[in-house]
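Order of the sequence lines fixes the chain letters, A, B, ..., with proteins taken first and strands second; residue numbering starts at 1 for each chain.
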Amino acid sequence: MITINNKSIEYKENKILFDYIKEDAEFSKQKFLISGVDNILYDLKLTPIKDNNIIWLYDFSSERGRDAYWHSTSHILAMAMKVWFKKNHGGDEKVKLAIGPSIENGFYYDFDLGGTAFKEENLSEIESIMKDLIEENIPFVKSVLTREEILEKYKKSNEKFKIEIIEQYKDEKEFAIYSNYSKKYEMEFFDMCRGPHIPSTGYVKAFKLLSLAGAYWRGDENKDMLARIYGISFPDKQMVKDYVEKIEEAKKRDHRVLGKKLEIFSIFEETGSGLVYWHPHGGMLRDIIERFWKDEHLKRGYDLVVTPHIARAELWKTSGHYDFYKENMYIFKIDEEEYVLKPMNCPGHVMIYKTKIHSYRDLPVKYAELGTVYRYERSGALHGLLRVRGFTQDDGHVFCTPSQLPEEVEKVFDFAVFMIEKFGYKKYSVELSMRDPKNPAKYAGTAEEWDVAQKVLKDILIKKNISFVEMPGEAVFYGPKIDIKLQDALGREWQGPTVQFDFNLPRRFNVTYIGDDNKEHFVYMVHRALLGSIERFIGGLIENYAGKFPLWLSPVQVAILSVTDETVDYSKEICTILKENNIRVTEDYRNEKIGYKIREAENNQTPYMLILGKKEKDEKILSIRKKGEGDIGHLSAEEFLKLFKDSLNN
RNA sequence: GCUGGUGUGGCUCAGUGGUAGAGCAGCGCUUUCGUAAAGCGCGGGUCGGCGGUUCAAAUCCGCCCACCAGCUCCA
């Protein structure tokens, strides 16, 4: 007996997997792509079948099936590129293949185009070649070559990236390739690849090339810049349409679009890129968030501090930033003396801590500051509110004893999760950023110190049962950190909350406390930001809520709309009552039809509209309209206040 | 910073060598209106900036700036 997808089937010698699939009424209906035996994945036709085997078949609905599907489509793309170069540049030698993996959504392939002009508009020509290759239903044929054979093959075509990959696998003696032959284009294509692949190109029913972009070879900016083509494929045409539509919908939630429409912020070319101007609605949003933030910090034993925006370079030399962070700092001179526009708040907090002697009994000391910092970011990295050059960190530093450290880190982590959940973020991922052991010069502190610090952070994540990814080489120069990444509308991740350990500053600044042994000890220091930065956090909020903020965050909560001139006086009376109750109100008394005013308020995402006409004025009532729901009837002013307060708390 | 793309009135966009266009918004007049766009009229742009080619440039070329996608880098 063998088992296929949990179904027991009688084993017969010399019978191949396709036969088993064909003979099973259920399996034959499904479009299987690859198989797995003992957790190794195979091409369907190369699946080893032995008695007592447990075999799994994967179709597009499984992650493994999708990976193979997309990866195979990337081979078709690469083959099409070769065909295109043969047609347009008299040979395919100019295009060099790098790598072409599947990714979370689709696939890409990186090419070196040998200086040939290739533009986005050429993608449609590539697509039509791909269609031909798919129509031909060309099989993916696997063969195994020796090291010498494959090197010879690749040297002949001077595929330098493939040769580099082979040379990287020094101990590997055999390499697999997958070949496809097109009669129509008289093209033999092969690509070194572990596989597995789908049986033939015809399995790809629908695909789309999405974009052309640059990417460094091996992600290293000192290496060649390659052309990367992104694409997606599906077993159904409708799925491609749905996918493209989904992306279009997500783009409508872009905070740069909504930020303009909802009058939240501007960034001006003439005043400098990456520098944000907050309009009244954005200013209100910030104020709501910042007040909440301060209240929650005071509840948890933090003291609020404020530090200057500039400081003498001396401070940054002591902190180490002048050496380790210089390329990100704005440095300038006043009276021949160097000053730095602060890129971080920590040295300032250390200065405050150091103004007196601290007993172990006083620890932990926790300082918090909404500290605005400036960092030079490379122009290509800037992105609306999510990546700017001037931003306000919701910063805080915990000074504690070594024994308090685990508890304090845990408290900070819980606090961060409290905040992001309060603001409605559902999706986030956690990373443990560690040092790169190969590059010790990049970091302050010794390897031993790093190991200890990394362990403290890791233990807490394990204790809290948080799933996280270890990221070697991702740490900042002064210590390891736990990062929480938040997603934007298109699923791109941005670092938000962060908890960072620091053994660097206490030593550099000699930051100490007096222990119960009456001796001086270095304090342990934790940097943390719960939102990350106000700018990035609000950018994410706009996208997550698609501009439809919950009542408590809405810059404008109620729009008062008068039906005619006759009801303006009554409208003003109501407005006064609402404002006395700390409700954020706009008034619209223009000479416009009520439908027009409603439409505008709806488009501005105003949660409540009060329509005040003759009837309301005469009967001293309000006609209430809720955003997205429409007319919800009449209430007295008192009743509306109660309704409003109730919905604030939900 | 790198690769590719884009830049036209407040906003969204059309216009590829021959005297700058539309819709929305704004302003004026009419309309005083009941739950997602009333009608008519008017004003507004040295076409991102600088330089060049040309009898003539939004349009072609060069440099710069900004933005978009991706890479790199990070809150």
* Asked: Just checking A:Val388: base, sugar-phosphate only, or nothing, at a heavy-atom cut-off of under 4.0 Å?
  -> base

* Of the candidate nucleotides B:C67, B:G34, B:C71, which contains the atom at the shortest distance from the side chain of A:Leu382? -> B:C67

* Before accepting this row, confirm whether a basic side-chain N of the pair A:Lys223/A:Glu164 lies closer than 4.0 Å to the acidic partner's carboxylate O. => no

* Reckon A:Arg528 touches a base, only the sugar-phosphate, or nothing at all at heavy-atom distances under 4.0 Å? -> nothing

* B:G17 and B:G23: how far apart are their C1' atoms, nearest whole angstrom? -> 28 Å

* Asked: So, are A:Arg387 and A:Glu377 salt-bridged, with charged N and O less than 4.0 Å apart?
  -> yes

* Are A:Lys251 and A:Glu248 within salt-bridge range, i.e. N to O under 4.0 Å? -> yes

* Mind checking A:Arg625 for me? I need base, sugar-phosphate or nothing, with any heavy atom below 4.0 Å counting as a touch. => base

* Electrostatic pair A:Arg218-A:Asp220, nearest N-O below 4.0 angstrom -> no

* Using the closest heavy atom to pick a nucleotide of RNA chain B for each, name whichever of A:Lys260 or A:Ile594 lands nearer the 5' end. => A:Lys260

* Taking atom types as they are modelled, is there a donor-acceptor pair under 3.5 Å from the base of B:C74 to the side chain of A:Arg375? -> no

* Any Lys/Arg nitrogen of A:Glu543 or A:Arg492 sitting under 4.0 Å from an Asp/Glu carboxylate oxygen of the other? -> no

* With heavy atoms under 4.0 Å as the rule, sort A:Gly532 into base, sugar-phosphate or nothing. => sugar-phosphate

* **A:Ile598, nearest nucleotide to its side chain (from B:G34, B:A36, B:A66)** => B:A36

* Asked: Contact class for A:Arg492 (heavy atom, under 4.0 Å): base, sugar-phosphate, or nothing?
  -> sugar-phosphate

* Look at all strands and tell whether A:Asp483 reaches a base, only sugar-phosphate, or nothing, counting heavy atoms closer than 4.0 Å. => nothing

* Asked: Starting at CD1 of A:Ile247 and ending at P of B:C68, how long is that distance when rounded to a whole Å?
  -> 18 Å

* Contact class for A:Lys614 vs. all strands (heavy atom < 4.0 Å): base, sugar-phosphate, or nothing? -> base

* Pairwise C1' distance for B:A22 and B:C60, with rounding to whole Å -> 27 Å

* **Interatomic distance where NZ belongs to A:Lys119 and P belongs to B:G5 [whole Å]** => 5 Å

* Expressed in angstrom and rounded to an integer, what is the separation of A:His321 atom NE2 from B:A75 atom P? -> 11 Å

* Electrostatic pair A:Arg300-A:Asp414, nearest N-O below 4.0 angstrom -> no

* Can you check whether A:Lys223 has a side-chain N or O nearer than 4.0 Å to OP1 or OP2 of B:C2? -> no

* Would A:Tyr596 pass as stacked on B:A38, i.e. its ring centre under 5.5 Å from the base's six-membered ring centre and planes under 30° apart? -> no

* To do: Please work out if A:Gly630 contacts a base, only the sugar-phosphate, or nothing of the nucleic acid, heavy-atom cut-off 4.0 Å.
  => nothing

* Asked: With a 4.0 Å cut-off on heavy atoms, is A:Lys626 in touch with a base, just the backbone sugar-phosphate, or nothing at all?
  -> nothing

* Structure fact -> Answer for the Watson-Crick or wobble partner of B:G51, both distances under 3.5 Å, is B:C61

* To do: Answer with yes or no whether A:Tyr216 presents, from its side chain, a donor or acceptor under 3.5 Å of a partner atom in the base of B:G1.
  => yes

* Interatomic distance at P, B:G41 relative to B:G4, whole Å -> 49 Å

* To do: May I have the distance from A:His383 (atom NE2) to B:C71 (atom C1'), rounded to whole angstrom?
  => 15 Å

* Could you please name the partner base of B:G70, counting Watson-Crick and G-U wobble pairs only when both distances are under 3.5 Å? => B:C2

* **5′-ward residue of the pair A:Ala215/A:Glu269 relative to RNA chain B** => A:Glu269

* Does A:Glu573 come within less than 4.0 Å of A:Lys620, counting only side-chain N to carboxylate O? -> yes

* Which nucleotide, B:C74, B:U35, B:G1, lies nearest any side-chain atom of A:Arg536? -> B:C74

* Sugar-phosphate, base or nothing in reach of A:Glu221, heavy atoms under 4.0 Å -> sugar-phosphate

* Got a salt bridge between A:Lys597 and A:Glu600, using NZ or NE/NH1/NH2 to carboxylate O under 4.0 Å? -> no

* **Integer-rounded Å distance: B:C68 C1' and A:Glu120 CD** => 10 Å

* Structure fact -> Rounded to whole Å, the CZ-P distance (A:Arg256 to B:C68) equals 5 Å

* Pick the C1' atom in B:C24 and in B:U35, then give their distance to the nearest Å. => 22 Å

* To do: For B:U54 versus B:G21, give the span between their C1' atoms, rounded off to a whole number of Å.
  => 25 Å

* Asked: Taking 4.0 angstrom as the limit, do A:Lys252 and A:Glu249 come out as a salt bridge?
  -> yes

* Asked: Using a cut-off of 4.0 Å on non-hydrogen atoms, how would the nucleic acid contact of A:Ser379 be classed: base, sugar-phosphate, or nothing?
  -> base

* To do: Spell out yes or no: do the side chain of A:Arg389 and the base of B:C74 have one donor N/O and one acceptor N/O closer than 3.5 Å?
  => no

* To do: Using the C1' atom as the reference point in each nucleotide, state the distance between B:A69 and B:C33 in Å, no decimals.
  => 48 Å

* Structure fact -> Winner on side-chain proximity to A:Ala213, out of B:G70, B:C74, B:A38, is B:G70

* Looking only at side-chain N and O atoms, does A:Ser273 come under 4.0 Å of OP1 or OP2 in B:A66? -> yes

* Asked: So what's B:G26 paired with, Watson-Crick or G-U wobble, going by both distances under 3.5 Å?
  -> B:C42

* Structure fact -> From the candidates B:C73, B:A36, B:C67, the one with an atom nearest any side-chain atom of A:Arg387 is B:C73

* Asked: Between the base of B:U35 and the side chain of A:Arg599, is there any donor-acceptor pair under 3.5 Å?
  -> no

* May I have the distance from A:His255 (atom NE2) to B:A75 (atom C1'), rounded to whole angstrom? => 13 Å

* Rounded C1' spacing from B:U3 to B:G18 in Å -> 37 Å

* Asked: Are any of A:Arg590's side-chain N or O atoms less than 4.0 Å away from OP1 or OP2 of B:A38?
  -> no

* To do: Can you tell me, in whole Å, how much space there is between the C1' of B:U16 and that of B:G7?
  => 16 Å

* Asked: Does a side-chain N-to-carboxylate-O contact under 4.0 Å join A:Glu431 and A:Lys485?
  -> yes

* To do: Please work out if A:Tyr108 contacts a base, only the sugar-phosphate, or nothing of the nucleic acid, heavy-atom cut-off 4.0 Å.
  => nothing

* Asked: How many Å lie between CD on A:Glu600 and C1' on B:C24, as a whole number?
  -> 11 Å

* B:G34 base / A:Glu616 side chain donor-acceptor hit below 3.5 Å -> yes

* Could you check whether A:Gly380 gets within reach of a base, just the sugar-phosphate, or nothing at all, counting any heavy atom under 4.0 Å? => base

* To do: Give the nucleotide from the list B:C71, B:A75, B:G1 with an atom nearest to the side chain of A:Tyr376.
  => B:G1

* To do: Answer with base, sugar-phosphate or nothing: what part of the nucleic acid does A:Ile611 contact at a heavy-atom distance below 4.0 Å?
  => base

* Asked: Does A:Gln495 make a side-chain donor-acceptor contact with the base of B:A75, cut-off 3.5 Å?
  -> no

